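Below, chains carry the letters A, B, ... as their sequence lines are ordered, and counting in each starts from 1. For clarity, every value in this text was computed on a predicted model and none was experimentally measured.
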Protein chains: 2
Amino acid sequence: MRDARSTPARPDAQRNRERILAVALTELTRAADTPVSVIARKAGVGQGTFYRNFPNREALVLEVYRYEMRQVADSAAQLLADRPADRALREWMDRLARYAMAKAGLADALRAATSGHGSLAQVGHGPVTEAITLLLAANEAAGTIRAGVSPDDFLLAIAGLWQLDPHSDWEPRAARLFDLVTDGLRAGAPGVERMPRHPDQRASG
Amino acid sequence: MRDARSTPARPDAQRNRERILAVALTELTRAADTPVSVIARKAGVGQGTFYRNFPNREALVLEVYRYEMRQVADSAAQLLADRPADRALREWMDRLARYAMAKAGLADALRAATSGHGSLAQVGHGPVTEAITLLLAANEAAGTIRAGVSPDDFLLAIAGLWQLDPHSDWEPRAARLFDLVTDGLRAGAPGVERMPRHPDQRASG
DNA sequence: ACCTGAACACCGTTCAAGT
DNA sequence: ACCTGAACACCGTTCAAGT
């Protein structure tokens, strides 16, 4: 492993690392249990080179998954600029769901590699938590959710997402989960006296 | 594997199976990655005997975890006999949380063994789903939750439970999750006009 | 029938040898 | 410095040989 403070890697070494990551994304999405040896071979490097770049298999999987999560996380700011806070939150959840399902192979790889420590939802921790913080703050300010809900609370409430089977008809189940969570967040919010139960349902980003 | 229709096993063979299960419960709770060879040895049998009783490691872990889940599931009926429906539901969730945390080692073993298929929450499927069905029906009848929530919806909403770290201060986080879910279930329920947000908090079974 | 334990297949990780 | 790939350690599963 090489950190930001050390001498920059030789360009060819740099490229090795990137190739490994690219191959890992493709390969682990297809089959979560692809051996390190196969990933190394397809990336055109020896196993030793793999372990020069990553301390172990888990570190690789984590980095790949983290990168993917950051993509969704980063879209939150834009959504908030375009729509009312409650619509932005719901659209973001929908995107998260699509991402989580598209990368389910990766998620399995992560579960297998990190069994025991580190839960799936908290992987993008930096970016994802930031995104949720933004979304919750905007909604709290708009009076569309109650105060005092932490990003951690929110993540825990939607954790069921990662239990859905991407090969199944997961959309309605995710929608029902989001409806329930939305109602839970709304309960006791200042802007809510007699509100329809989950009005976002009729909309589609 | 031997199913119910075949000739009953010899008493000594029967005892082997039970010893394996007992050792597995202890050992997997302590360390989720205990090898099959160790479990077999501590149970006093050869590896071949292990595989005569279980098709693979996953089947063992599943059977142990399923048995543990059934314990919690079966307590639902009694709770409903003793208390109002909403209190019974909350107390049952609290018990489920304590069980899930106590058996976290087992849960890890299961995650590792079944990575890809079968989510943790749905393992006890038979008994657990039955228990939830009872609890939801009673609450719907009492007007304390809205109609049309399936056991599957409920399981998805509390799935975050299995992400908590049993070595951490998980109780308040579980409580906040349950509060949010309770509010979500309550939204739009007939018996609710102006209800306190989550009144169960002040109570303790 | 049922049991044992050595043998097999396979994977993650390391390291001696090379450039 | 960095790379390669054979070697090592370890685990799940099978199977020949025994009772």
Side-chain angles (χ1 to χ4, degrees), chain A residues 1-21 23-24 27-28 30-64 108-117, chain B residues 1-21 23-24 27-28 30-64 108-117:
Chain A
M1 271 294 251
R2 130 179 324 277
D3 75 337
R5 268 169 300 287
S6 46
T7 323
R10 285 207 231 137
D12 56 324
Q14 176 72 10
R15 233 164 307 131
N16 278 341
R17 187 186 168 75
E18 280 156 19
R19 273 215 306 277
I20 292 170
L21 284 168
V23 169
E27 228 53 39
L28 291 176
R30 185 183 350 247
D33 54 359
T34 311
V36 164
S37 59
V38 170
I39 293 173
R41 177 150 23 94
K42 294 210 177 185
V45 302
Q47 323 226 108
T49 301
F50 175 90
Y51 282 97
R52 164 171 280 268
N53 283 281
F54 303 92
N56 49 40
R57 180 192 171 86
E58 175 180 348
L60 169 72
V61 180
L62 237 155
E63 181 152 339
V64 175
D108 287 338
L110 197 59
R111 253 188 292 265
T114 67
S115 230
H117 48 281
Chain B
M1 272 294 251
R2 129 180 323 280
D3 74 337
R5 266 169 302 286
S6 45
T7 323
R10 294 202 314 217
D12 55 324
Q14 175 73 9
R15 233 165 307 131
N16 278 341
R17 186 185 167 76
E18 280 156 18
R19 272 215 306 277
I20 292 171
L21 283 168
V23 169
E27 227 55 40
L28 292 175
R30 185 184 349 247
D33 53 359
T34 310
V36 164
S37 58
V38 170
I39 294 174
R41 177 149 25 93
K42 293 209 175 184
V45 301
Q47 322 225 108
T49 301
F50 175 90
Y51 283 97
R52 164 172 281 269
N53 283 280
F54 303 91
N56 50 38
R57 179 191 172 86
E58 175 181 346
L60 169 72
V61 180
L62 237 155
E63 180 152 340
V64 175
D108 287 338
L110 197 60
R111 253 189 290 265
T114 68
S115 231
H117 47 281

Each nucleotide N or O in nucleotides 9-14 of chain D that has a protein N or O under 3.5 Å away: list the pair and distance.
| unit_1 | atom_1 | unit_2 | atom_2 | d |
| --- | --- | --- | --- | --- |
| dG12(D) | OP1 | R57(B) | NH1 | 2.9 |
| dG12(D) | OP2 | V36(B) | N | 3.0 |
| dT13(D) | OP2 | Y51(B) | OH | 2.7 |
| dT13(D) | OP2 | R57(B) | N | 2.9 |
| dT13(D) | O5' | Y51(B) | OH | 3.4 |
| dT13(D) | O4 | Q47(B) | NE2 | 2.5 |

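Computed from coordinates, the I20(B) CD1 to dC2(C) P distance equals 13 Å when rounded to whole Å. As rounded to whole Å, 12 Å separates atom C1' of dC15(C) from atom CZ of R52(A). Atoms CG (N53(B)) and P (dC2(C)) sit 9 Å apart, rounded to a whole Å. dA1(D) atom C1' lies 15 Å from atom CD of Q14(A), rounded to whole Å.
For the pair V45(A) and N16(A), the tightest heavy-atom approach, listed with the atom from each and the gap, is CG1-OD1, 3.4 Å. When all heavy atoms of G46(B) and A40(B) are compared, the closest pair comes out as O-CB, 4.1 Å. Of all heavy-atom pairs between R19(B) and G44(B), the closest is NH2-O, 4.3 Å. Heavy-atom minimum distance, I39(A) versus V23(A): O-CG1, 3.8 Å.
With a cut-off of 3.5 Å on both pairing distances, the Watson-Crick and G-U wobble pairs of DNA chain D assemble into stems of 3 or more at C:4-8 with D:12-16, C:12-16 with D:4-8.
Taking 4.0 angstrom as the limit, N16(B) places a side-chain polar atom (N or O) nearer than this to OP1 or OP2 of dC3(C).
Using a 4.0 Å cut-off between a side-chain N of Lys or Arg and a carboxylate O of Asp or Glu, E18(A) and R15(A) do not qualify as a salt bridge.
V36(A) meets the side chain to side chain contact (heavy atoms under 4.5 Å, CB included) test with F50(A), Y51(A), R57(A); sequence neighbours excluded.
The shortest side-chain heavy-atom distance between R17(B) and I20(B) does not fall under the 4.5 Å cut-off. For the pair F54(B) and L21(B), the minimum side-chain heavy-atom distance is below 4.5 Å.
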